[in-house]
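To start, the structure under review is shown below, and the notes come after it.
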Amino acid sequence: MSKKTVAFAHLGCEKNRVDTEHMLGLLAEAGYGVSADEADASVVVVNTCSFIQEAREESVRTLVELAEQGKELIIAGCLAQHFQEELLESLPEAKAIVGTGDYQHIVSVLERVEAGERVNQVSAIPTFVGDEHLPRYRTTSEAVAYLKVAEGCDYRCAFCIIPHLRGNQRSRPIKSIVAEAQQLAAQGVQELVLISQISTNYGLDLAGKPQLAELLRALGEVEIPWVRVHYAYPTGLTSEVLAAYREVPNVLPYLDLPLQHSHPEVLRAMNRPWQADVTAGVLGRIREQLSDAVLRTTFIVGFPGETEEHFQHLLDFVAEQRFDHVGVFTFSAEEGTPAAELPDQVPHGIALERKDRLMALQQPIAAALNAAWVGKVVDVLIEQENPSSGEMLGRCARFAPEVDGEVRVSPGEGGLCAAPGTLVKVRITGADTYDLLGVVVGAAAKLRST
């Protein structure tokens, strides 16, 4: 008798997405049907997010909607790690909870649920990290894959609950990461996005010092045209790491730097004192040593104690630094974090107003930096095509998947176009605040001969 179909609802970050893909792979290997359509199944695994209040509300809303549809629920991920027994008590439809370090047990959890058991599979301290031997069923396009190089975090930023939910940093060996990258290359992946909580600290727990430079050089031998690194703390971008960015042909000069703020007093309150005196200097050194660097960052406004003077410092900093891409979050007081207990909490309305002011400042900067690409010929990874218009959608190296802009590509002379999943040469013909326009001029050159 064939096994039942299990549906998946995925919420949260790319790290959560990789966990979802491993659970899908494990269930498929065990003979279960897997689906993204909840209507196909009586049992739904919801991989939840609990990073900030909005994410928790979305997770709870999804769970309640599915429960009202009569679905049996297996709650996985950060919300399960965070609230554990509360979820089982408040949701009768919840048949199991699976922690962030326990998703590898999804098959046995489901078997126990099918036998009538209510299961609490949550390790108090997550220690597991998946590797190339764990089955994986990818949910991204064929051309793009996320590769988790480490799990957890050793920092204790005052606003962040992630170390509590995912444990301390545990890095995978370089050999393991390269083996998985080779598997993904064989599947036709064109862009590999390296993810962890702090990628510049990769390997610190294994070797006593960060090993990102060594990892990037090892990945230079893998036949994937683009390797992109997310979550690089600026203080970890040493001369050695920047040299690897410059010298390894498939490593993109794209730096995702979660700075959070610029004012030293706010950074100290955030428990990021190591950043306070080096931010501008480090950014200058990055631009010196990696002249074509594309810089993305995120900031938190409305952190407890942030004054108008502190916020003006941040506005001046953003105006001076001219980042390519900026994301802005309002502070979310997370229960269990030191920041939730700090005095001088900023009213939410003021935080929202500051977010709007910061984004209004950034938009013309982003538009001007985009406009500078008009007339250039760049490689574009085509991801979708519109058969009715003939237009293709893709990204050049300055745009990361899902968080940045896109390139809208028209066919070239003679109807020259490209299929999704391929790299193509595109002449940029126009730009707006976040996106680029272009026309196909030819096939992209391969990274290196095979």
Side-chain angles (χ1 to χ4, degrees), residues 51-53 152-169 196-202 204-205 209-210 230-238 241 255-287 295-323 326-359 361-362:
F51 179 49
I52 57 176
Q53 179 67 27
C153 183
D154 291 337
Y155 287 166
R156 295 296 184 266
C157 299
F159 54 82
C160 185
I161 200 165
I162 293 298
H164 174 67
L165 301 181
R166 289 192 172 264
N168 287 332
Q169 178 173 296
S196 70
Q197 204 59 38
I198 306 175
S199 296
T200 34
N201 276 4
Y202 164 75
L204 182 61
D205 51 313
K209 66 180 183 67
H230 274 192
Y231 316 120
Y233 277 53
T235 47
L237 292 167
T238 61
V241 171
L255 301 175
D256 181 18
L257 316 168
L259 295 177
Q260 311 304 3
H261 213 279
S262 63
H263 198 286
E265 290 176 8
V266 178
L267 290 167
R268 278 194 290 274
M270 289 178 167
N271 199 29
R272 297 166 71 91
W274 43 269
Q275 185 188 316
D277 297 325
V278 299
T279 297
V282 169
L283 290 172
R285 181 169 56 78
I286 288 169
R287 288 188 165 111
L295 300 183
R296 154 172 272 281
T297 191
T298 51
F299 296 111
I300 296 172
V301 295
F303 190 81
E306 183 192 53
T307 64
E308 184 61 29
E309 180 187 353
H310 293 148
F311 179 65
Q312 186 61 50
H313 187 280
L314 179 58
L315 289 173
D316 294 343
F317 177 74
V318 170
E320 177 189 357
Q321 291 299 328
R322 296 180 63 80
F323 295 100
V326 171
V328 184
F329 297 90
T330 56
F331 171 71
S332 176
E334 298 305 308
E335 186 180 347
T337 64
E341 307 300 322
L342 287 175
D344 302 319
Q345 297 279 326
V346 175
H348 187 58
I350 292 176
L352 284 174
E353 183 260 345
R354 288 176 180 172
K355 175 182 178 179
D356 291 344
R357 285 166 63 192
L358 185 54
M359 289 308 298
L361 170 70
Q362 171 62 22

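- Within 6.0 Å of CZ on F329 lie no more than 12 heavy atoms contributed by other residues, nucleotides or ligands.
- Ring planes of H263 and H313: perpendicular class, angle over 60° (limits at 30 and 60°).
- Looking only at distances, no side-chain donor or acceptor of T200 sits under 3.5 Å from a matching main-chain atom of L237.
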Between L342 and F331, does a side chain to side chain contact (heavy atoms under 4.5 Å, CB included) hold up when you go through it step by step?
CA-CA 12 Å; L342 287 175; F331 171 71; over 6 Å; no

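- Counting only distance, with no hydrogens or angles, the side chain of D256 and the backbone of Y231 share a donor-acceptor pair below 3.5 Å.
- Atom CD of E309 has 12 or fewer neighbouring heavy atoms from other residues, nucleotides or ligands inside a 6.0 Å radius.
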Would you sort out whether Q362 and V318 count as a side chain to side chain contact (heavy atoms under 4.5 Å, CB included), showing the intermediate values?
CA-CA 7 Å; Q362 171 62 22; V318 170; 3.6 Å; yes

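- A333 and Q345 get closest at one heavy-atom pair: CB-OE1, 4.3 Å.
- Between T297 atom OG1 and L259 atom CG the span is 3.5 Å, to the nearest 0.5 Å.
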Which pairs of donor and acceptor atoms, one on a side chain in residues 347-355, lie under 3.5 Å apart (sequence neighbours left out)?
| unit_1 | atom_1 | unit_2 | atom_2 | d |
| --- | --- | --- | --- | --- |
| E353 | OE2 | R357 | NH1 | 3.3 |
| R354 | NH1 | E306 | O | 3.0 |
| R354 | NH1 | E306 | OE1 | 2.8 |

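- Between C157 and M270 there is no side-chain heavy-atom pair separated by less than 4.5 Å.
- To the nearest 0.5 Å, atoms CD (Q197) and SG (C160) are separated by 6.0 Å.
- Taking CZ of R272 as the reference point, atom CZ of R156 lies at 14.0 Å (rounded to 0.5 Å).
- How far CZ of F303 is from CD of E265: 13.0 Å, rounded to the nearest 0.5 Å.
- In Q312, the CD atom is crowded: over 12 heavy atoms of neighbouring residues, nucleotides or ligands sit closer than 6.0 Å.
- Here the side chains of F159 and N271 are not in contact, with every heavy-atom distance at 4.5 Å or above.
- Q169 and D205 are linked by a side-chain donor-acceptor pair at a separation below 3.5 angstrom, with hydrogens and angles left out of the test.
- The side-chain hydrogen bond (donor to acceptor under 3.5 Å, both in side chains) check on S332 picks up E334, with sequence neighbours excluded.
- Here the side chains of I286 and L255 are in contact, with some heavy-atom distance below 4.5 Å.
- Nearest heavy-atom pair, P258 versus T298, reported as atom, atom and distance to 0.1 Å: CA-OG1, 3.6 Å.
- Of the candidates V301, L361, V266, I300, L314 forms a side-chain contact (heavy atoms from CB on, under 4.5 Å) with just one, namely V301.
- Among all heavy-atom pairs drawn from A339 and P304, the shortest one is O-CG, 3.7 Å.
- When only modelled atom types and interatomic distance are considered, R287 and Q321 share a side-chain donor-acceptor pair under 3.5 Å.
- Considering only heavy atoms from C-beta on, Y155 stays 4.5 Å or farther from N168 through its side chain.
- Between the SG atom in C153 and the CD1 atom in I161 there is a gap of 13.0 Å [rounded to 0.5 Å].
- From F299, atom CZ reaches atom CG of L315 across 10.0 Å, with rounding to the nearest 0.5 Å.
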